[in-house]
Trainee: 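The structure that follows is given in the form of structure tokens.
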Amino acid sequence: MTDSKEHRVRFVAQLVESGALDDPAWRNVFAQVPRHEFVPYYFESRRDRPGWTLVEEPADEWLAGVYGVDHLVTQVGGDDKNVDAARRGERVEGPPTSSSSAPGLMARMLRALNLDGREQVLEIGTGTGYNAALLCERLGSDRVTTVDVDEGLVDHARERLSALGYKPGAVAADGSKGVPDGAPYDRVIATVGLRSVPQAWIEQTRTGGMIVVPLDRLGRGGLLARLTVHSDHSAEGFFLPNYGGFMPVRVNQAAPAQQALREVGPEEGESKASPLPVDLVTDSAHPFEFFGALTIPGDGWESVGFTPSGGGLPETWLAQNDGSWVRHVTTEDSVHMVRQGGPRRLWDEVEKAHAEWTELGQPERARFGLTVSRGHHVAWLDEPHGPHNWTLAT
């Protein structure tokens, strides 16, 4: 049996020090639930070798990684066969399709549920089962239901949970439809990024209950919202101040920026100088990144950054599923050069949104909120019925 005690003590202390684990009840839960039992292996992408590298017990770095602060990729290409391929030394490629989320983010989202220990909770996105175990430890298994579209993931998670004495309801189904058989719930928490809040979740939540969800406006679920459900089957609340990156639901895993890199010629599109650096929209720590993701038309974007193998300046590409794309390069003289094309001029929209955000006084994300009613999503600044609001495309 792996001796993880020392790692777990440091793990909890690190979460406490970061401010993510400031609730004593959750602190005890994180200390009790062994994360390594749910992450027997994970994949790393390393600069010194192509494809994905499998890290697993008994490698020394495995346990250190499990009890680190980063998210861990636990499935690649939507296929568990890649684990066996990696063990055989074969090259493994493909997009990450499941992960164990960053523990600090998990702690903040669980804290945002405002639990008193008596709630019925629905978790969307079972993944490894670790988050479900934390909920079971806090509430008891009979108060937890978890759902994931990947039947294999649910089976693995159920086995790991059961081995530790946790027996929540574990369902393999489309999580966007909730789990009607267990409704009504007091809380719904999603650990996958979606473009919108499904009406099914609202209707399966009690009046006064809460939904904590990462909206996938950037292709990685960056906008965390905590919504209270009302009797008219609407939900409303503020965004949380923290970034919340999660795997998108499987249907959202297109790679438009990669496609643009393959298909767009070097002289295509329109070229111009811009006053704005690209990290405004690619750095989750930048305060404008949230506003841009919230208000720029379209379906969010994917970004890819690289330095050309033959030499040259670093490039960043942004692209949307409708084919709109941007190539952004900063010259050695700190001039931002942009080339953009497709059906819309995406960087022009970035500049327009930045001008609006500046005019509003550069508000932080915690001042924004969201109202959801029958599929209609409206974001607002400071108050739901104030002068500044934006209808979101879903």
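Side chains are part of it too, since the values below use all heavy atoms of this structure and drop only hydrogens, waters and symmetry mates.
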Trainee: Donor-acceptor pairs under 3.5 Å, side chain of residues 152-159 to any protein atom, not counting sequence neighbours: which ones?
Mentor:
| from | atom 1 | to | atom 2 | distance (Å) |
| --- | --- | --- | --- | --- |
| D155 | OD1 | R158 | NH1 | 3.0 |
| H156 | NE2 | D80 | OD2 | 3.3 |
| R158 | NH2 | A170 | O | 2.8 |

Trainee: More than 12 foreign heavy atoms under 6.0 Å from CZ of R88: is that the case here?
Mentor: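 Counting other residues, nucleotides and ligands, CZ of R88 exceeds 12 neighbours.
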Trainee: Please check if any side-chain donor atom of H336 sits under 3.5 Å from a side-chain acceptor atom of S274, or the reverse.
Mentor: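 No pair is found: no donor N or O on one side chain lies under 3.5 Å from an acceptor on the other.
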Trainee: Compare every heavy atom of L223 with every heavy atom of A293, then report the nearest pair and how far apart it is.
Mentor: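 Scanning both residues, the minimum pair turns out to be CB-CD1, 4.0 Å.
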Trainee: For E289, is there an ion pair with R365 - N to carboxylate O distance below 4.0 angstrom?
Mentor: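 Between E289 and R365 there is a salt bridge, with a charged N closer than 4.0 Å to a carboxylate O.
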Trainee: Step by step, would you call V121 with I189 a side chain to side chain contact (heavy atoms under 4.5 Å, CB included)?
Mentor: CA-CA 8 Å; V121 176; I189 181 171; 4.1 Å; yes
Trainee: Please tabulate, for the side chains in residues 172-181, all donor-acceptor contacts under 3.5 angstrom to protein atoms that are two or more places apart in sequence or on a different chain.
Mentor:
| from | atom 1 | to | atom 2 | distance (Å) |
| --- | --- | --- | --- | --- |
| D174 | OD1 | S176 | N | 3.0 |
| D174 | OD1 | S176 | OG | 2.7 |
| D174 | OD2 | S176 | OG | 3.1 |

Trainee: Using a cut-off of 6.0 Å, state whether more than 12 heavy atoms not belonging to E203 lie near its atom CD.
Mentor: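 Counting other residues, nucleotides and ligands, CD of E203 exceeds 12 neighbours.
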Trainee: Using the rule given for side chain to side chain contact (heavy atoms under 4.5 Å, CB included), can you reason through L164 versus F38, listing the C-alpha separation, both sets of side-chain angles and the distance that settles it, and then say yes or no?
Mentor: CA-CA 10 Å; L164 294 173; F38 296 91; 3.5 Å; yes
Trainee: Between L115 and L135, is there a side-chain heavy-atom distance shorter than 4.5 Å?
Mentor: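 A side-chain contact under 4.5 Å exists here.
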Trainee: Can a donor-acceptor pair be found between the side chains of R35 and S100 at a distance below 3.5 Å?
Mentor: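 A pair is found: one side chain offers a donor N or O, the other an acceptor, under 3.5 Å apart.
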Trainee: Please find the pair of heavy atoms, one from P198 and one from S196, that lie closest to each other, and give the distance.
Mentor: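 P198 and S196 have their closest heavy atoms at CD-O, 3.3 Å.
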Trainee: Do I211 and V229 have side chains that get closer than 4.5 Å, going by heavy atoms?
Mentor: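 They are in side-chain contact.
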Trainee: Quick one: do the E236 and T371 side chains pair a donor with an acceptor below 3.5 Å?
Mentor: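 On atom types as modelled, these side chains qualify, holding a pair under 3.5 Å.
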Trainee: I'd like to know if L318 and V329 are part of one continuous hydrophobic network [Ile/Leu/Val/Met/Phe/Trp/Tyr, side-chain heavy atoms within less than 4.5 Å].
Mentor: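 Not linked; separate clusters.
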Trainee: Could you label the plane-to-plane angle of the W357 and H286 rings as parallel, tilted or perpendicular, counting under 30° as parallel and over 60° as perpendicular?
Mentor: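 Rings of W357 and H286: tilted, 30 to 60°.
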Trainee: Could you walk me through whether W380 and F238 satisfy the ring pair (Phe, Tyr, Trp, His ring centres under 6.0 Å) test, starting with their C-alpha distance in whole Å, then the side-chain angles of each, then the deciding distance to 0.1 Å, before giving a yes or no?
Mentor: CA-CA 9 Å; W380 36 265; F238 280 91; 5.0 Å; yes
Trainee: Thinking salt bridges, do R327 and E315 make one under a 4.0 Å N-O criterion?
Mentor: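 The answer is yes: the pair qualifies as a salt bridge.
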Trainee: Can you tell which of R108, R226, R187 makes a side chain to side chain contact (heavy atoms under 4.5 Å, CB included) with V212?
Mentor: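 Running side chain to side chain contact (heavy atoms under 4.5 Å, CB included) over R108, R226, R187 with V212 returns exactly one hit, R226.
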Trainee: Side chains of D23 and R27: closer than 4.5 Å at any heavy-atom pair?
Mentor: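 Result no, sub-4.5 Å side-chain heavy-atom pair not found.
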Trainee: Tell me if the CG atom of D60 is crowded by more than 12 foreign heavy atoms within 6.0 Å.
Mentor: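 Incorrect, the count does not exceed 12.
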Trainee: In the structure I gave you, are the side-chain heavy atoms of T145 and Y185 within less than 4.5 Å of one another anywhere?
Mentor: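 Yes - at least one pair of side-chain heavy atoms lies under 4.5 Å apart.
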Trainee: Ignoring hydrogens, what is the shortest heavy-atom contact between R344 and S324? Give both atom names and the distance.
Mentor: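 Where R344 meets S324 most closely, the heavy atoms are N-OG, 3.2 Å.
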Trainee: Can you tell me if CD on E90 sees more than 12 non-hydrogen neighbours from other groups inside 6.0 Å?
Mentor: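 Yes - once you tally the heavy atoms of other residues, nucleotides and ligands closer than 6.0 Å, there are more than 12.
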Trainee: Just distance, no hydrogens or angles: give the donor-acceptor pairs under 3.5 Å from side chains in residues 10-22, sequence neighbours left out.
Mentor:
| from | atom 1 | to | atom 2 | distance (Å) |
| --- | --- | --- | --- | --- |
| R10 | NH1 | E6 | OE2 | 2.9 |
| R10 | NH2 | H7 | ND1 | 3.4 |
| S18 | OG | L15 | O | 2.8 |
| S18 | OG | A20 | N | 3.3 |

Trainee: Restricting to non-hydrogen atoms, name the atom on L224 and the atom on P214 that form the minimum distance, rounded to 0.1 Å.
Mentor: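 Between these two residues, the closest heavy atoms are CD2-CB, 3.6 Å.
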Trainee: Any non-hydrogen side-chain atom of L227 less than 4.5 Å from a side-chain atom of V372?
Mentor: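 L227 reaches V372 side chain to side chain.
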Trainee: Kindly give the heavy-atom pair with the smallest separation between W325 and R339, and that separation in Å.
Mentor: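 Closest pair (atom of W325, atom of R339, distance): CZ3-O, 3.4 Å.
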Trainee: Between W347 and H328, is the ring pair (Phe, Tyr, Trp, His ring centres under 6.0 Å) condition met? List the steps.
Mentor: CA-CA 9 Å; W347 196 256; H328 189 292; 5.1 Å; yes
Trainee: Output all residues satisfying ring-ring contact (aromatic ring centres under 6.0 Å, His included) with F239, sequence neighbours left out; order by chain, then residue number.
Mentor: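 Testing F239 for ring-ring contact (aromatic ring centres under 6.0 Å, His included), a comparison that skips the adjacent residues, returns F290.
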Trainee: Checking T391 now: which residues fulfil side-chain contact (heavy atoms from CB on, under 4.5 Å) with it, not counting sequence neighbours?
Mentor: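 In terms of side-chain contact (heavy atoms from CB on, under 4.5 Å), with neighbours along the sequence ignored, T391 is linked to H376, V378.
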Trainee: Could you go step by step and tell me if R206 and Q120 meet the side-chain hydrogen bond (donor to acceptor under 3.5 Å, both in side chains) rule?
Mentor: CA-CA 10 Å; R206 298 181 193 275; Q120 293 285 337; over 6 Å; no
Trainee: Any side-chain donor-acceptor pair under 3.5 Å between S98 and Q75?
Mentor: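 No - no donor-acceptor pair under 3.5 Å links their side chains.
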Trainee: Report yes if the side chains of L392 and L294 come closer than 4.5 Å at any heavy-atom pair, otherwise no.
Mentor: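 A side-chain contact under 4.5 Å exists here.
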Trainee: Do P40 and E56 have side-chain heavy atoms sitting under 4.5 Å apart?
Mentor: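 When only atoms from C-beta onward are counted, E56 and P40 do not touch, as no gap falls below 4.5 Å.
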Trainee: Residues in side chain to side chain donor-acceptor pair (under 3.5 Å) with K272, at least two apart?
Mentor: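 Counting only residues at least two positions away or on another chain, K272 forms a side chain to side chain donor-acceptor pair (under 3.5 Å) with D348, E351.
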Trainee: Are the side chains of H36 and Y67 in contact, using a 4.5 Å heavy-atom criterion?
Mentor: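 The answer is yes; the side chains approach within 4.5 Å.
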Trainee: Given T126 and T146, is the side-chain hydrogen bond (donor to acceptor under 3.5 Å, both in side chains) satisfied, shown in steps?
Mentor: CA-CA 6 Å; T126 305; T146 182; 2.7 Å; yes
Trainee: Quick check: closest heavy atoms across Q340 and V326, and the distance to 0.1 Å?
Mentor: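 Scanning both residues completely, I find the closest heavy atoms to be CB-CG2, 4.1 Å.
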Trainee: Take R374 and Q199 through the side chain to side chain contact (heavy atoms under 4.5 Å, CB included) test and state the conclusion after the steps.
Mentor: CA-CA 6 Å; R374 301 294 176 184; Q199 186 64 29; 3.8 Å; yes
Trainee: Side chains of S303 and W317: is there a donor and an acceptor less than 3.5 Å apart?
Mentor: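 No - no donor-acceptor pair under 3.5 Å links their side chains.
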Trainee: Carefully, step by step, assess T282 and T316 under the rule side chain to side chain contact (heavy atoms under 4.5 Å, CB included).
Mentor: CA-CA 9 Å; T282 59; T316 300; 4.2 Å; yes
Trainee: Hey, can you tell me if F368 and W390 have their rings parallel, tilted or perpendicular (30° and 60° cut-offs)?
Mentor: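 Answer is tilted, since the angle falls between 30° and 60°.
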Trainee: Quick one: is the NZ or CZ of R111 closer than 6.0 Å to the six-membered ring centre of W26, and within 45° of its axis?
Mentor: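 Ring-cation test returns no.
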